[in-house]
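One structure below.
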Amino acid sequence: MTEQRRFKISGTGCTLIDYLYSPVSFEDTEFAKYLSKTPGDGGLSPGKLVFKEEFDKYSGENYLQVRDVITKSNEPVAVNIGGPSIVSLIHASQLLSDFPVEVNFYACRGNDKGGGFIEEMLRKTQVKTGNFKIGTNYTPFTDVLSDPSFDHGHGERIFINNIGAAWEMTPDDLDDSFFASDLVVFGGTALVPNIHSELGDLLLKAKSRGAVTVVNTVYDFLSEKKDPTKPWMLGKSPETYKSIDLLITDMEEALRLSGKSDAIGAIEFFKSTGVGATIVTHGSNDLLFFADSPLFGEIPLASLPVSAKVVHELVSDPEKKGDTTGCGDNFAGGVIASIARQLLENQERRVELRQAIALGVASGGFACFYNGGTYYEEHPGQKAGLVETYYQAYQEQIRKELATP
C-alpha cells in the first residue's frame, strides 16, 4: 500500500454494558401485561427503549424482579459492550485495521465493576480510550430482551436502559482534539442528555474545523415521554440538521424525528432541513436514502435491499443465527468505515454513498451471526475478512438487481 496520510475519527455518545437475554417470547402471557398501551407510557414495546425508572412507575413493580419473571430466571446469554456510539466505532476500527486510521472515543463511565468491564473489553479493540471520563454514578447499562421468532423469524428486541454516569458527560468533556478530526461521529446521544441538547453547537464547531459529521440515532425515550405528540429534537432546533453531513436513523426514529406518519413524509422533512444525506434503515425491509451535498453529490430518493446472502444463511443454517442486537450499530460502523476509506483514497473529497451503504448492509447482516453487537477478534483484520465475503456478495446482488429490467 502506498504511503497515506493518517486519518482521524473521533466519536462520542451512548456506551454501556448490554446484558442480552434470549430467547424471550414477546407473546408470552406473563410478558403481555407489561406491554406499552400508549406511546411513552413506560411499558415495553418491540424495537423500542424504555428507562428502568419509567417502567417501574408504569408497572408498579421493580423491573429487576419483573426481569426474572419474563426471562424465566435465565441468565443473560451474553454480556457485552453496547451502545450506538461505541459499537459502531469498534466495528469501524476493525474494518480499518489495514488503513492509517485512528479511532478516538469520548464517554463517561462509573468507577465500578461495570466500568472496569468496559475498559477491559475495549483494550481488546483498536479504539483509543484515553478520553474516558470516570463519573460518580454507576456505569450505564441496558438489558436487551431478544425474541428471535418475532416478525416471522426476523427477530426483534426490547431495551430497558439505565443512563447512570452518562448524565455526567457534558460538552466541556470534548476537547479541541475531538473537533480537530477528519470525521466526527455522534452516536445515540439521546442517551447522553447533556451532549444531545447541545448537538447543534457541537456539530457546527466540528464543521468549522473542516470535519465530516455523522449522526446515528437511537430511540429518544426522554423526548417521547415529555410529549409523544411532538417531533423529537436533535439539539435545540431544526438548524442542527444543516451541520450534519450524514444522518443514519431507522424507520421508527425517522418518523418521530420528522413528526410524519409515513416514510416519504419523513424523507421530505429531512430534505427540507438541509441535511447533507440521510439513510433510513427498516429492519428486514429495503432501506431508503438520498443525498444533496458536495460530499455525496445529488442522489434522488432511492432504496437498497438487505443482503440476500445473509437472509439465505439465516434461513438455511439455524445454527448460524445469533441475534439482531447491534445490527443497526454495525451498519453505521460499516458506513463510517467506508467514508473513511474513500476520503483517504479520493483526494477530491467525494464519497460514493451507495458504496458506503453496501459495506453497512454487509456489516449489519454479519452481526446477525453472533450474540451482542461487539465482535471480539482473535487478530486484527479477522472481522474485516469475514465481512468482506458478504460485502462482495452484496455488491454482486445489487449489480444484478439493477441490471434486471
Side-chain angles (χ1 to χ4, degrees), residues 11-22 24 34 42 44-45 47-59 61-71 73-90 105-125 127 129 132-146 157-169 187-196 218-222 225 323-330 371-376:
T12 190
C14 178
T15 184
L16 38 77
I17 300 177
D18 272 338
Y19 297 93
L20 174 63
Y21 294 86
S22 181
V24 177
Y34 299 110
L44 304 179
S45 183
K48 296 182 181 180
L49 178 145
V50 64
F51 292 117
K52 175 187 177 296
E53 293 81 2
E54 298 299 332
F55 176 84
D56 290 350
K57 293 176 186 176
Y58 173 79
S59 65
E61 301 179 53
N62 186 312
Y63 164 70
L64 297 179
Q65 295 175 337
V66 171
R67 182 178 64 188
D68 289 339
V69 174
I70 60 182
T71 64
S73 296
N74 290 322
E75 292 295 316
V77 298
V79 180
N80 217 332
I81 294 175
S85 183
I86 190 58
V87 171
S88 62
L89 291 174
I90 289 173
F105 182 61
Y106 292 67
C108 184
R109 68 168 179 85
N111 186 22
D112 53 14
K113 184 177 179 180
F117 173 82
I118 289 180
E119 288 277 17
E120 178 185 355
M121 293 298 103
L122 284 178
R123 282 195 289 270
K124 299 179 181 180
T125 76
V127 175
T129 59
F132 217 137
K133 178 181 179 180
I134 299 178
T136 60
N137 214 323
Y138 56 83
T139 297
F141 69 90
T142 293
D143 281 351
V144 183
L145 310 180
S146 176
R157 299 141 299 154
I158 292 174
F159 307 88
I160 299 90
N161 179 263
N162 296 259
I163 290 182
W167 278 110
E168 300 175 63
M169 185 73 182
T189 54
L191 295 180
V192 190
N194 294 315
I195 297 296
H196 192 69
V218 70
Y219 193 87
D220 187 352
F221 189 85
L222 286 177
K225 180 66 178 177
D323 73 283
T324 55
T325 303
C327 288
D329 303 338
N330 277 268
N371 288 322
T374 302
Y375 181 94
Y376 296 103

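Reckoned from all heavy atoms, side chains included, excluding hydrogens, waters and symmetry mates. Not measured: the values here are computed from a predicted model.
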Measuring from atom [atom1] of [X] to atom [atom2] of [Y], what distance do you get when rounded to the nearest 0.5 angstrom?
| X | Y | atom1 | atom2 | result |
| --- | --- | --- | --- | --- |
| T125 | F105 | OG1 | CZ | 10.5 Å |
| T189 | M169 | OG1 | CE | 11.5 Å |
| F159 | L145 | CZ | CG | 9.0 Å |
| E168 | I134 | CD | CD1 | 11.0 Å |
| I86 | T129 | CD1 | OG1 | 8.0 Å |

If I compare all heavy atoms of [X] with all of [Y], which pair ends up nearest, and what's the gap?
| X | Y | result |
| --- | --- | --- |
| V218 | A190 | CG1-CB, 3.8 Å |
| C14 | G188 | CB-O, 3.4 Å |
| A166 | P193 | O-CD, 4.3 Å |
| N162 | K52 | OD1-CD, 3.2 Å |
| V50 | F55 | CG2-N, 4.2 Å |
| I118 | F132 | CG2-CE1, 3.7 Å |

Side chain to side chain donor-acceptor pair (under 3.5 Å) for D68 and S73? Distances and angles first, verdict last.
CA-CA 4 Å; D68 289 339; S73 296; 4.8 Å; no

Are [X] and [Y] packed together at the side-chain level, in the sense that at least one heavy-atom pair is separated by less than 4.5 angstrom?
| X | Y | value |
| --- | --- | --- |
| R109 | T15 | no |
| V192 | T12 | no |
| D329 | T374 | no |
| I90 | V87 | no |
| L222 | H196 | no |
| D143 | Y63 | yes |

Please identify each residue that fulfils side-chain contact (heavy atoms from CB on, under 4.5 Å) with K48, with sequence neighbours left out.
S45, Y219, E252

Ring geometry between F221 and F51 (parallel below 30°, tilted from 30 to 60°, perpendicular above 60°)
perpendicular

Ignoring hydrogens and geometry, is there a side-chain-to-backbone donor-acceptor pair from [X] to [Y] under 3.5 Å?
| X | Y | value |
| --- | --- | --- |
| D18 | L20 | no |
| S146 | S22 | no |
| T139 | G110 | yes |
| S59 | E61 | yes |

Assess the residue pair K225 and E54 against the criterion (salt bridge (Lys or Arg N to Asp or Glu O under 4.0 Å)); give the C-alpha distance rounded to whole Å, side-chain angles, the decisive distance to 0.1 Å, and a yes or no.
CA-CA 9 Å; K225 180 66 178 177; E54 298 299 332; 3.5 Å; yes

Assess the residue pair I158 and V24 against the criterion (side-chain contact (heavy atoms from CB on, under 4.5 Å)); give the C-alpha distance rounded to whole Å, side-chain angles, the decisive distance to 0.1 Å, and a yes or no.
CA-CA 10 Å; I158 292 174; V24 177; over 6 Å; no

Decide side-chain contact (heavy atoms from CB on, under 4.5 Å) for L191 and L49; before the verdict, give the C-alpha distance in whole Å, the side-chain angles of both, and the deciding distance to 0.1 Å.
CA-CA 10 Å; L191 295 180; L49 178 145; 3.8 Å; yes

With sequence neighbours excluded, residues passing side chain to side chain donor-acceptor pair (under 3.5 Å) with N80
Y376

Could you check R157, R67, E75 and say which one makes a side-chain contact (heavy atoms from CB on, under 4.5 Å) with Y21?
R67

side-chain contact (heavy atoms from CB on, under 4.5 Å) assessment of V66 paired with D56:
CA-CA 9 Å; V66 171; D56 290 350; over 6 Å; no

